[in-house]
Amino acid sequence: FRKWLKDFGLSHLLPGKPAHPNLGYQQTVHLPGYKFPVQIIGLDSSWLCGDDSDAGKLRLTEDQVMRLCTDPKGVSLSGFRIGLVHHPLTDLADGSASRRLLAENIDLLLRGHLHEPEPELWTDSEKSLHQIAAGCLYEGHHADRYPNSCIVIRSTCNEAGQPLFHELRFRGYSSRGGFWFDDGSLYRSAPNGRLKIAAMAHASANPRQIALPSPELLLTPGENKGKAKDRSSRI
C-alpha cells in the first residue's frame with residue numbers, strides 16, 4: 001500500500017512517526033459545473049484488526065468521526081458528503097454511537113468487507129443514514145469464490161449539495177460468458193438492475209435543507225442553461 005501511494009504521487013498520505021498520528025482522511029473536491037463541494041471522508045475501521053475474529057472488537061472512535069466529518073469548530077461540512085469505510089458498522093464495538101454521528105454529518109456511506117452488494121437505510125425518529133455495500137472484484141481460489149460485481153451510483157442533489165435521491169445500477173460479471181450485465185436478480189423492485197431510492201427521510205429536521213425543485217426539473221448541470229427554476233445537480 002505504501003508503494004502504491006508513492007507510485008501514484010500520494011506520498012503526502014503516508015503515515016509519519018508514529019505510524020498512525022491520525023486515523024482516516026478528509027478531502028474536499030471541487031467539480032467543474034457544481035456550486036457545492038464534494039467531501040470525501042475516509043474512515044479507518046481497520047486499525048485494530050489482528051485476525052479473523054475481529055468482529056465486535058473494532059472501533060472508529062468519536063475523535064476520528066468528528067474530526068473528519070466536521071470543521072475545526074465542530075460544524076458539519078458543506079456540500080455533498082461521502083463517507084468511505086471498510087467494515088460494516090455492525091462489526092464495530094462503537095458501531096451504534098458511530099452510526100448516530102455519521103447520520104448527522106454525512107449523506108452517504110459506502111462500505112465493503114462482505115463481498116455482497118447491499119443498499120441499506122438506517123433511521124430513527126430524528127435522522128437517517130444511507131449505506132451502500134459494494135460487491136467484490138475478487139480472484140480467490142476454487143474454495144473461496146465470490147461473483148464479481150459493482151454498483152454505479154448516480155446521486156441527484158439540490159443546490160446546497162444535499163442529495164434528493166440515489167439511482168443505483170447493479171452490475172454483475174458472467175465468468176462463463178466473459179461479459180458484464182445489468183443484474184436484475186438482487187431485488188424484485190429492480191428487475192432491470194436499476195433501483196431508485198429517496199435520500200431524505202428526515203429532511204425537515206436537517207438544518208441544511210433548502211427549497212427543493214419539482215422532480216420534473218431534475219437536470220444535469222449542462223442542461224441548466226435557460227432553466228431558472230432548476231436547482232439540482234447530478235453526480
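A donor-acceptor pair is defined here as one N or O able to donate and one able to accept, closer than 3.5 Å; such a pair exists between the side chain of R67 and the backbone of L23. The backbone N or O of K57 sits nowhere less than 3.5 Å from a side-chain atom of D54 that would complete a donor-acceptor pair. In this structure, the side chain of S46 does not engage the main chain of C49 through any donor-acceptor pair within 3.5 Å.
Identified under the ring-ring contact (aromatic ring centres under 6.0 Å, His included) test for residues 87-107, with sequence neighbours left out: H87-H113.
Hydrophobic clustering, with ILVMFWY side chains joined whenever heavy atoms are under 4.5 angstrom apart, groups L31 together with I82. The hydrophobic clustering, which links ILVMFWY residues whose side-chain heavy atoms are closer than 4.5 Å, places F80 and V152 apart. Hydrophobic clustering, with ILVMFWY side chains joined whenever heavy atoms are under 4.5 angstrom apart, groups L102 together with W47. When the side chains of ILVMFWY residues are joined at heavy-atom separations under 4.5 Å, either directly or via intervening members, F181 and I153 end up in two distinct hydrophobic clusters.
Atoms CG and CG, on L101 and L68 in that order, are 12.0 Å from each other to the nearest 0.5 Å. In this structure, the separation between OG on S96 and CH2 on W122 is 8.5 Å, given to the nearest 0.5 Å. For the atom pair CZ of R2 and OG of S11, the computed distance is 11.5 Å after rounding to the nearest 0.5 Å. For the atom pair SG (C157) and CD (Q162), the distance works out to 9.0 Å, reported to the nearest 0.5 Å. Of the inter-residue distances, the one linking E104 atom CD with T70 atom OG1 reads 11.0 Å to the nearest 0.5 angstrom. Summarising the geometry, atom CG belonging to L43 is positioned 11.0 Å from atom CG belonging to L110; distances are rounded to the nearest 0.5 Å.
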Run the numbers on L84 and I40 for side chain to side chain contact (heavy atoms under 4.5 Å, CB included), then give the verdict.
-> CA-CA 8 Å; L84 310 174; I40 307 296; 3.9 Å; yes
Would you please test S175 and N148 for side chain to side chain contact (heavy atoms under 4.5 Å, CB included) and show each step?
-> CA-CA 8 Å; S175 56; N148 287 334; over 6 Å; no
Could you go step by step and tell me if I197 and L121 meet the side chain to side chain contact (heavy atoms under 4.5 Å, CB included) rule?
-> CA-CA 10 Å; I197 54 179; L121 172 64; over 6 Å; no
Step by step, work out the side chain to side chain contact (heavy atoms under 4.5 Å, CB included) result for S78 and Q39.
-> CA-CA 8 Å; S78 62; Q39 310 287 356; 4.2 Å; yes
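For the pair A199 and H130, the tightest heavy-atom approach, listed with the atom from each and the gap, is CA-NE2, 3.8 Å. Taking all atoms of both residues into account, the shortest heavy-atom contact from M66 to N105 is SD-ND2, 3.9 Å. The two residues P117 and L186 come nearest to each other via the heavy atoms CG-CD1, 3.9 Å. The shortest heavy-atom contact between R81 and L77 is CD-O, 3.1 Å. Shown here for S45 and L92, the closest heavy-atom pair between the two residues is CB-CD2, 4.3 Å. Here the shortest heavy-atom pairing between N192 and D182 reads O-CB, 3.5 Å.
In this structure, the side chains of V65 and R99 stay at 4.5 Å or more apart for every pair of heavy atoms. You'll find the side chain of R59 reaches within 4.5 Å of the side chain of L48, heavy atoms only. A heavy-atom distance below 4.5 Å is found between the side chains of K127 and R100. Contact of the L129 side chain with the I106 side chain is registered, since non-hydrogen atoms from C-beta on lie closer than 4.5 Å. Looking at heavy atoms from C-beta onward, P119 lies in side-chain contact with L168 at the 4.5 angstrom threshold. The shortest side-chain heavy-atom distance between P163 and L108 does not fall under the 4.5 Å cut-off.
For an aromatic pair to be called close, the ring centres must be under 6.0 Å apart, and F170 with Y187 satisfies this.
The local environment of CD in E120 is crowded, with over 12 non-hydrogen atoms from other residues, nucleotides or ligands closer than 6.0 Å. Enclosure of atom CD in Q27 is not indicated, since only 12 or fewer non-hydrogen atoms of other residues, nucleotides or ligands lie within 6.0 angstrom.
The aromatic rings of F1 and W4 lie parallel to each other, their planes meeting at an angle below 30°, with 60° marking the opposite boundary.
One finds a salt bridge joining R111 and E118 here, because a Lys/Arg side-chain nitrogen approaches an Asp/Glu carboxylate oxygen to under 4.0 Å.
When D94, L60, L58 are each tested for a side chain to side chain contact (heavy atoms under 4.5 Å, CB included) with L89, only one passes: L60.
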